[in-house]
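Proteins come first, then strands; the chains are lettered A, B, ... in the order of their sequence lines, and each starts at number 1.
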Amino acid sequence: MSRTFVGMPAFPVAARTALADTQLRHNLAHATGVIRDKRARVVAEVDGWEELRLAGAAVKERALHGLDEHLLTLERKLTANGATVHWARDAEEACAVVAQVAKAHGADEVVKVKSMATAEIGLNEALEAEGVAAWETDLAELIVQLGEDLPSHILVPAIHRNRAEIREIFLRRMAVVGRPAPDDLTDEPAVLAAAAREHLREKFLRARVGVSGANFAVAETGTLVVVESEGNGRMCLTLPEVLVSVVGIEKVVPTWGELDPLLRLLPRSSTGERMNPYTSTWSGVTPGDGPQEVHVILLDNGRTRALADEVGRQALRCIRCSACLNVCPVYERVGGHAYGSVYPGPIGAILGPLMRGTGDPQTDSLPYASSLCGACFEVCPVRIDIPEVLVHLRSKVVDAHRDEPVPKPEAVAMRGTGWAFGDAARLGLAERASGLVGRVMGRLGRSSLPGGRRAAGRLPGPGAAWTGARDLPAPPAESFRQWWARTDGGRADGGRTDGERADEGHVEEARDG
Amino acid sequence: MADARADILAAVRAALAGVEASVDPAASPPGVAAGPGTLDLFCERVADYRAVVQRCGPEEVAATVAAALPEGDVVVPEGLPVEVEGARVDDGLTALELDAVAAVVTGCAVAVAETGTIVLDHGPGQGRRAISLVPDVHVCVVRADQVVPDVPDALAALDPARPLTWVSGPSATSDIELDRVEGVHGPRTLHVVVVEG
Amino acid sequence: MKVALQVTCLNDALFPDVGKAVVTLLRRLGVDVDFPEAQTCCGQPMVNTGYLDEAVPAVRRFVEAFDGYDAVVTPSGSCAGSARHQQRLIAARAGDPALASAVERTSPLVHELSEFLVDVLGVTDVGAYFPHTVTYHPTCHSLRMLGVGDRPRRLLEAVRGLRLRELPAARECCGFGGTFAVKNADTSVAMGSDKARHVRETGAEVLVAGDSSCLVHIGGLLSRQRSGVRTMHLAEVLASTEDRAEAVR
């Protein structure tokens, strides 16, 4: 089961806290704005991007639909190539394998390539409990680890931090765990990156065990692929004697050639580059080059639960590019922590409930953390219809509560609305009641909207969620269907359709939001 | 962990009950086509990453490489067809020893025009992965006939049984405010020498 | 051609003038639009909140009400999207093959207003006159679920007297999102406030969109902020002529 951050409240509460943090709002708006523009530029220069997306989706779909066979092929090839394959049902089993390998080599530290799978299983904490230090070597992961912070983005886990905050973290914390930051450290990104280079180099050069994830695992050839930018990945994959890779079972790509659409889609969608600086591939052990002991842990941890969901299974196509986070208007404003797990944003709002199952209030709030605007689906390189899955998961949340003896007020309201919508006569009755309200408010309403229509003031109860910041127009004295019936679609009113009532004089007519 | 393996495979099969898997690999649309502009495109795209690109004829390679090298020790792999004066041929240098080396000169297996990428398969003339990683300057000699138009061409030309390193510019990060900075852990300078004719 | 108006539950109850504007506009263009009085709602409010069973009666009513028409016009990208993309899921959920085949018949007939005008009637100049400065917000479902593209823009650009101002970050969601607006009210208001700020920056007198739901949200913010900017549905602008100005007075 993938973890959630301990004690995380449901999304709306966490979001309210995040929205009040103006520094966070500023950092996020800037960073997501930059990356959106970069992505849009490099995507626009590809002829047939849509065909490429379709191909990417098809590759991952084929991989998932034959997953058992592909996993067996992968295991066979990896073993033949000199690697040791482990299987882990959950986080605990996967962490135990890594700890075991480290201890077998007497290592009290490992260097890590940025990996979502190892973050998901809480590997660092598990290793620490076994007396093994896990050093994050990706710059953003390093910032999060040194700052004793939580990740807030898939690609750039420290996206919520600005340069001044990062400088402060480096000055305060680097000395505690290794080479200190230079005294004259400035907040220039290039200077901060140079400090990270110096700090980590001694760790790379002495490390005996490296830990990674994998972006792709090619079954046919037994090849793992890691896509990165800084070269920290190459360091961890090349210099240590022992390498352990934690690979989610959905990372399988059936054949070598099928990497093609994915390697073209990922960098443009992720960092907004034509190609990321470094991609490393290795197929087991290469004598005389790189780690001579190679382990691969195939991890389930809720993936088979997601696979069993016919609508939701498409989420397992995800190649962790983060494009959906970067375009999401909700993510842009609340950041990643509000989602309560290492998988934030639109993809996190579906992956979490799919992998963990619905049932707890925090997880159940995630499918509702979206306005269903569809921007995520539009940019997804493997065409995951995130809004469709969100709505599907909402229905699972609702269905799980159907048999409760005392239904929630929302369920009562929805049943009532559903009942009214089942028959036009019932709906007409409800509207006549609201028209009565409208006539009263028309005389007594608190304020006028531009154009003259009365507005409802601050409403009590559930209506307060609306009227806390937004006016609500008072109901009109006459609904459309009443008008149509009374005037025969305007014909009886001398063809008038402009809302003037013959029998009641002027009705405020200009409508405003 | 034999039971974990059996459990996971059983869960996968249960989840996929009634789902038909396709036997044939999924087709991908073709990449950019080869043409007279392929080499120019490669040079332009490499330069976009703020790598240094120089084009030269076969007789100028040694001099061009020499001019690209910084002060300090240089390491080369066995089988490098270019003469690099004073360079040490890698014979299993440790990571610490490599850290004291200023530059490395290698060839490559294939290069990709559309993405400005060089790919090393770490065979003769390219060396172990570590030698083109730890030194701070990487000079890579690319023959014009090694440049293919796009990613699918490169995948078809490469042997997945070998370890591969795809390099697109110097190491870089965008982890601070999504502001791109060149030069982190991998070589901070990439110098690509393209040999024509 | 037998054309029906699906006025939408929101317009019916809260914004009847939008429905009247569609009737005015279509009659002016020679279409004798009918209003099947059995109609209620497309089902979207329930579906998007996760109450799929509760949406079944609405979908039944929908297909019955619009059976036998050649085209259904609705002044809402969101409701057209629901009819075209969600109703078949509800029919499947109900396990009712008759309902499923009825949905298959009606859903392709449902057109959002700008689609109907441009694609079915083949007009972009509807003979409207609206001498005001306006800005246009393309709503998410019309943009991304239906793909209406620049149809509403082309319609607005052909309106005499109308001055169209570019809305910054136009494609970004306003934050309404149905029950999202109350379930995640803080986030919804944060998104809407940015949208309202962009609207004010244009200096437009009127904000125009093709969905009353988004307008009630953005307009509610603009009104609370005393911005003086009015909101109008695309149908109301297109229904306006020299002889009779819709709404703005």
Side chain to side chain, V330(A) and N184(C), heavy atoms closer than 4.5 Å:
no
Report which part of S370(A) has an atom under 4.5 Å of a heavy atom belonging to chain C: side chain, backbone, both, or neither.
backbone
Among R171(C), R144(C), K183(C), R93(C), single out the residue with the greatest number of heavy-atom pairs under 4.5 Å to chain A.
R144(C)
State, with a plain yes or no, whether a side-chain heavy atom of T40(C) is found less than 4.5 Å away from one of D423(A).
no
Contact check, side chains of L5(C) and F480(A), non-hydrogen atoms, under 4.5 Å
yes
Check this for me, if you would: do R333(A) and D186(C) make a salt bridge, where the nitrogen-to-carboxylate-oxygen distance has to be below 4.0 angstrom?
no
Between R36(A) and chain C, which part of the residue has a heavy atom less than 4.5 Å away: side chain, backbone, both or neither?
side chain
R394(A) side chain reached by Y51(C) side chain, heavy atoms, under 4.5 Å:
no
From E54(C) atom CD to M414(A) atom CE, the distance as rounded to the nearest 0.5 Å
8.5 Å
Just wondering, do T49(C) and V398(A) contact through their side chains at under 4.5 Å, heavy atoms?
no
With only heavy atoms counted, which part of R60(C) is less than 4.5 Å from chain A, the side chain, the backbone, both or neither?
neither
Measure distances from V7(C) to the heavy atoms of chain A and classify the residue's part below 4.5 Å as side chain, backbone, both or neither.
side chain
From the list G177(C), C9(C), C41(C), S213(C), the residue making the most non-hydrogen contacts under 4.5 Å with chain A is C41(C)
Contacting region of T179(C) [heavy-atom separation from chain A under 4.5 Å]
side chain
L372(A) backbone acceptor or donor facing H141(C) side chain under 3.5 Å:
yes
Under 4.5 Å heavy-atom distance to chain C, tell me which part of A411(A) shows up: side chain, backbone, both or neither.
both
At a heavy-atom separation under 4.5 Å, does W484(A) approach chain C through its side chain, its backbone, both, or neither?
side chain
How about D488(A): does its CG atom have over 12 heavy atoms from other parts shown lying under 6.0 Å from it?
yes
So for R402(A), is it side chain, backbone, both, or neither that comes closer than 4.5 Å to the heavy atoms of chain C?
side chain
For the student: nearest non-hydrogen atoms of S371(A) and F180(C), plus distance
CB-CD2, 3.8 Å
For a 4.5 angstrom cut-off between non-hydrogen side-chain atoms, does D17(C) reach W483(A)?
no
For A181(C), is it the side chain, the backbone, both or neither that has a heavy atom under 4.5 Å from a heavy atom of chain A?
both
D53(C) side chain near R415(A) side chain, heavy-atom distance below 4.5 Å:
no
Does any backbone or side-chain atom of V397(A) lie under 4.5 Å from a heavy atom of chain C? Answer side chain, backbone, both or neither.
neither
Is there side-chain contact between M145(C) and P387(A), with at least one heavy-atom pair below 4.5 Å?
no
Side chain from CB out, backbone as N, CA, C, O: work out which of these in E332(A) comes under 4.5 Å of a heavy atom of chain C, or both, or neither.
side chain
CG of L52(C) to NE2 of H392(A), rounded to nearest 0.5 Å, is 9.5 Å
Using 4.0 Å as the upper bound for N to carboxylate O, is an ion pair formed by R486(A) and E37(C)?
no
Nearest 0.5 Å please: distance from the CD atom of Q39(C) over to the CZ atom of R481(A).
6.0 Å
